[in-house]
**Student:** 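Structure provided below as structure tokens; questions to follow.
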Amino acid sequence: MEDEERLQLGGNPDWMSLLPAELLDVPLWNLAIPGSHDSMSFCLDVSSPVLKSEPRLLRVIDMLFPCWTRPCIYRWATTQQSVLSDQCDLGIRFFDLRIARKPAGGGKLFFAHGIYTLITVKEALGELATWLDTHPKEIIIIACSHFESLTDEDHCQLADYIISLFGKRLCSSEDIPTLRSCWCRGQQVVVSYDDQQMVLQHPELWTGIPYWYADSSDPKKVIAYLEEQKHRGRPDGFYVSGLNLTEDAAYILLHPLQDMRTLTLRALSLLLRWASEQQPGGGAGGLNVLCCDFVDVSHFCSLVIRLNYKKVLAAPRAVCTVPRATAESIGCCHSNQAGHPT
């Protein structure tokens with residue numbers, strides 16, 4: 001199967017446009033979609049202060065010993081190492097963007113994870129818009145959240161910028177997006193915005209997307225948590241299952257020379273083995289977006305994309321019940337034909 005062989009090569013810049021026809025009318029929240037956790041953490045600014053939302057102890061220590069705390073936080077808060085366009089080329093279609101106002105950033109908005117980023121929100125969104133220009137059949141989901149220290153004016157300006165930048169490429173929150181419907185309308189972007197007031201004012205913005213997050217550094221506990229959530233039933237619409245690990249502030253301060261990359265690589269084989277056993281869809285336990293750290297160090301993207309082919313194989317097939325002689329006379333294919341999964 002050519003598509004299967006292509007998925008083994010690592011890069012998946014146009015994987016949505018190459019999915020089987022049986023998946024073109026499936027709601028996007030019933031497909032398996034690779035995502036990156038804390039997508040902008042590849043450009044953290046080691047000279048920036050610790051976020052106000054971080055534990056008080058960490059902020060106090062940062063005021064006293066910034067030359068020690070900030071490099072330490074940088075190593076633990078960095079969860080990606082590829083720019084957004086490269087993540088897109090790998091196959092990432094969900095971006096976890098945690099937006100913040102930097103204390104000395106003027107009117108610009110940045111991203112944050114423990115500390116702030118070097119790249120602004122406008123620069124990052126512009127990079128995604130440019131990438132979409134050359135990949136017209138690929139659809140991305142941008143999840144805007146956290147909004148550290150943003151004012152009401154910041155929210156209004158950000159929402160206006162998003163709508164202006166992407167324009168007609170935005171999928172309306174009033175629609176049920178499928179690949180075929182998005183292609184027909186020229187739509188390529190779903191923007192979820194974790195501020196209900198902005199969502200109510202702008203139908204172009206989607207409500208915040210649920211993110212299943214175990215908040216543990218133990219991969220076995222992460223898997224157990226995700227299994228427990230599955231048994232409770234998946235949410236309607238888009239939702240995220242997080243394979244990402246985490247450590248608390250105390251552990252980070254006591255292990256300043258370690259980093260998140262090492263922790264992730266140790267757990268990755270177990271986490272990806274669990275992921276490979278999942279199946280997308282709207283039924284009980286059906287997977288949608290799967291997020292991971294350091295998406296460029298493994299076959300994570302290809303693995304998640306391949307899960308969609310399970311959906312095709314599991315789809316019921318319509319059996320032709322017309323007698324063979326009659327079928328041949330009317331040109332009916334007497335062999336089984338794949339049905340369209342829901």
Side-chain angles (χ1 to χ4, degrees), residues 36-88 95-133 140-167 169-170 189 191-202 204-206 208 249:
S36 57
H37 167 244
D38 270 302
S39 307
M40 291 299 298
S41 62
F42 63 86
C43 64
L44 294 176
D45 182 2
V46 74
S47 67
S48 79
V50 173
L51 271 64
K52 293 180 181 179
S53 58
E54 291 297 319
R56 178 176 174 79
L57 174 62
L58 191 59
R59 288 185 283 117
V60 170
I61 295 175
D62 180 60
M63 292 175 62
L64 299 173
F65 309 105
C67 294
W68 178 68
T69 56
R70 293 174 190 180
C72 174
I73 294 172
Y74 175 86
R75 284 191 289 272
W76 281 101
T78 298
T79 62
Q80 303 297 339
Q81 55 191 24
S82 295
V83 300
L84 294 186
S85 56
D86 286 348
Q87 292 185 36
C88 287
F95 297 91
D96 174 21
L97 302 185
R98 305 184 180 198
I99 298 171
R101 169 180 278 279
K102 191 182 293 188
K108 297 178 180 179
L109 297 180
F110 294 79
F111 304 95
H113 190 209
I115 53 180
Y116 300 89
T117 61
L118 291 165
I119 296 177
T120 68
V121 170
K122 287 188 176 181
E123 290 170 333
L125 295 179
E127 181 180 356
L128 289 173
T130 299
W131 187 88
L132 289 171
D133 287 339
I140 63 173
I141 304 168
I142 300 173
C144 301
S145 66
H146 286 62
F147 305 121
E148 175 89 14
S149 301
L150 264 66
T151 64
D152 289 343
E153 184 179 358
D154 289 331
H155 279 293
C156 291
Q157 291 180 355
L158 177 56
D160 288 343
Y161 178 76
I162 290 171
I163 293 169
S164 173
L165 176 65
F166 294 113
R169 289 195 286 194
L170 287 169
V189 187
V191 177
S192 80
Y193 201 93
D194 202 9
D195 182 279
Q196 196 59 29
Q197 182 177 351
M198 287 294 102
V199 171
L200 291 174
Q201 293 177 12
H202 303 284
E204 301 92 340
L205 304 178
W206 294 62

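Here, residue 1 is the first one in the sequence, and each next residue gets the next number. None of the values given here were measured: they were computed from a predicted structure.
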**Student:** With heavy-atom distances below 4.5 Å as the criterion, would you say the side chains of L150 and D195 are in contact?
**Tutor:**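 A side-chain contact is absent here, since even the closest heavy-atom pair is not under 4.5 Å.
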**Student:** Going through the checks in order, is the side-chain contact (heavy atoms from CB on, under 4.5 Å) test met by Y161 and V121?
**Tutor:** CA-CA 10 Å; Y161 178 76; V121 170; 5.7 Å; no
**Student:** Can you tell which of I119, V83, T78 makes a side-chain contact (heavy atoms from CB on, under 4.5 Å) with C43?
**Tutor:** I119
**Student:** Nearest 0.5 Å please: distance from the CG atom of L84 over to the CH2 atom of W131.
**Tutor:**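 With rounding to 0.5 Å, CG (L84) is 11.5 Å from CH2 (W131).
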**Student:** Just checking, any donor-acceptor pair under 3.5 angstrom between side chains of Q80 and S36?
**Tutor:**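 Distance-only check fails for Q80 and S36.
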**Student:** Are I142 and I162 close enough, and set up right, to give a side-chain contact (heavy atoms from CB on, under 4.5 Å), and what steps lead you there?
**Tutor:** CA-CA 10 Å; I142 300 173; I162 290 171; over 6 Å; no
**Student:** Say whether, by atom type as modelled, one donor and one acceptor occur between the side chain of R59 and the main chain of E54 under 3.5 angstrom.
**Tutor:** yes
**Student:** Would you indicate whether the side-chain heavy atoms of K102 and S149 approach each other to under 4.5 Å?
**Tutor:**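 The answer is no; the side chains never approach within 4.5 Å.
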**Student:** Do L125 and L97 make a side-chain contact, defined as non-hydrogen atoms from C-beta onward lying under 4.5 Å apart?
**Tutor:** yes
**Student:** CD1 of I163 to NE2 of H202: how many Å apart, nearest 0.5 Å?
**Tutor:** 4.5 Å
**Student:** Looking only at the side chains, is there a donor atom on one of T151 and D154 sitting less than 3.5 Å from an acceptor on the other?
**Tutor:**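 Yes, side-chain donor-acceptor contact under 3.5 Å.
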**Student:** Any carboxylate oxygen within less than 4.0 angstrom of a Lys/Arg side-chain nitrogen, looking at R98 and D194?
**Tutor:**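 No salt bridge links R98 with D194.
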**Student:** In the structure I gave you, are the side-chain heavy atoms of E204 and V191 within less than 4.5 Å of one another anywhere?
**Tutor:** no
